[in-house]
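All values derive from a computational prediction rather than experimental measurement. All residue numbers in this chain count up from 1 along the given sequence. Note that ligands are numbered from 1 as they come in the structure, with each ligand's atoms numbered from 1 the same way.
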Amino acid sequence: MASDSTEKRDLHTLTRGELMELLSELGQPKFRAKQVEEWVWEKNARSFDEMTNVPKSLREELAKRVTLGGVEEVARQVSLDGSRKYLLRYPDGVAVECVGMPGGNRLSVCASTQAGCAMGCAFCATGAAGLTRSLTESEIYEQVMHVRDDFNARVTSVVLMGQGEPFMNYDATLAALRRLNSPEGAGIGARHLTVSTCGVIPQIMRFANEPEQFTLAVSLHSAVQRTRNALMPGVRKYSLINLYNAMGEYVNKTGRRPTYEYALIGGVNDTDNELQALCDFCEGTLAHVNLIQLNEVDGSKFRPSTDLRAQDFVRRLASVGVEATVRNSRGSDIDAACGQLKQRALRGR
Ligand code: SAH
Ligand code: SF4
């Protein structure tokens with residue numbers, strides 16, 4: 001383990017094996033690894049000094065050899081509904097947004113898996129900016145812990161619906177979910193951890209084979225191939241028929257009910273023809289449709305549909321046995337709603 005400060009690694013990036021090795025180099029007993037890990041992951045310590053059950057001399061040695069970085073909050077906005085949106089920056093200067101949404105004794109977090117996104121969906125502010133880079137396991141995890149500590153409350157659910165496409169960053173996303181789920185991490189039940197994908201089929205199949213009961217949401221937005229191609233060019237190569245079949249396999253394999261996200265865009269995917277196609281796509285399958293009025297994005301020509309039209313969708317879907325709800329967008333007054341998390345240039349920093 002190098003002690004040169006330019007080569008110092010961060011504690012968050014060490015595997016358990018590497019941490020044990022470091023501690024044994026420092027002549028420490030094995031149980032120290034567990035103590036240190038508890039501080040890093042469960043307690044989200046921001047400095048070595050917080051590690052009060054670790055001898056001071058060891059804390060000093062650790063500080064010489066590794067860093068204990070973390071996210072830095074650069075800005076926040078508080079919504080009238082109590083949601084808080086944070087701009088969090090990592091040590092290399094890359095920043096992402098995440099949102100904490102309280103309600104009763106619940107606290108939901110919407111976190112990002114990438115800075116930006118390469119999929120280019122036409123209605124999405126993140127897509128418009130392109131991809132900066134994928135986040136690591138701990139960078140995804142730390143967003144949730146930042147929100148937990150800020151609200152000083154247990155996080156009851158996490159949705160990976162911030163910036164980025166989780167299935168274009170599969171390994172880090174899965175590792176972060178596992179740590180969020182673990183009793184030695186955030187201890188959040190797997191069913192309360194949701195991944196949202198624009199429909200990257202090979203990774204949906206991979207996800208179906210994971211042992212945990214994580215929840216899956218798929219952004220559908222249209223069951224008409226031509227419309228979906230125009231709205232979601234990044235997943236053009238995964239046709240709707242293949243998506244349909246993959247979701248059938250997912251349900252067979254897991255027995256779990258996936259959610260389809262459908263942002264209603266006036267005159268684009270809310271016509272009778274589109275509604276019929278959506279009913280055909282979902283009828284007879286295990287599915288929940290989450291309808292959401294499009295959040296308007298600066299410079300975009302798309303507009304939300306009407307509330308009456310959203311109710312038509314709910315009724316028609318119900319008439320073919322498909323459960324659907326219209327989801328309220330939280331935090332829309334602070335641009336924290338889905339699709340509005342935009343990376344900001346951090347001028348002067
Ligand atoms: N990349 C993943 C997850 C992040 S986007 C995905 O696409 O599923 C989270 C959700 O917000 C997706 O369902 C996405 O389609 C939706 N979304 C993006 N822009 C939106 C907008 N302007 N209005 C409403 N929902 C939007
Ligand atoms: Fe990326 Fe999801 Fe936005 Fe599409 S909707 S551009 S996949 S973040």
Can you find a side-chain donor-acceptor pair between N53 and W39 that sits under 3.5 Å?
-> yes
Check ligand 1 against S219 and write out every atom of the ligand that is under 4.0 Å from a heavy-atom position of the residue.
-> 6 (C), 7 (O), 8 (O), 12 (C), 13 (O), 14 (C), 15 (O)
Inspect the contact between E18 and R9 and indicate whether a charged nitrogen and a carboxylate oxygen are less than 4.0 angstrom apart.
-> yes
Proximity winner for atom 15 (O) of ligand 1, if only heavy atoms of M119, E261, H221, M168 are counted = H221
Proximal candidate to atom 1 (N) of ligand 1 [heavy atom criterion; set G164, C198, S196] = G164
Flag C121 as yes if one of its N/O/S atoms falls below 2.8 Å of atom 1 (Fe) of ligand 2, otherwise no.
-> no
For [X], counting its heavy atoms only, list the atoms of ligand 2 lying under 4.0 Å from any of them.
X    : value
G164 : 8 (S)
G127 : 6 (S)
C198 : 7 (S)

Donor-acceptor contact present, side-chain R257 to main-chain A287, <3.5 Å | yes
T136 side chain to E139 backbone, donor-acceptor under 3.5 Å = yes
Please identify each residue that fulfils salt bridge (charged side-chain N to carboxylate O under 4.0 Å, His left out) with E249, with sequence neighbours left out.
-> none
Within C124, is some N, O or S atom less than 2.8 Å away from atom 3 (Fe) of ligand 2?
-> yes
For ligand 1, does T197 get within less than 4.0 Å through its side chain, its backbone, both, or neither, judged by non-hydrogen atoms?
-> backbone
Under the criterion side chain to side chain donor-acceptor pair (under 3.5 Å), which of N269, T271, D312, D270 is the partner of S305?
-> D270
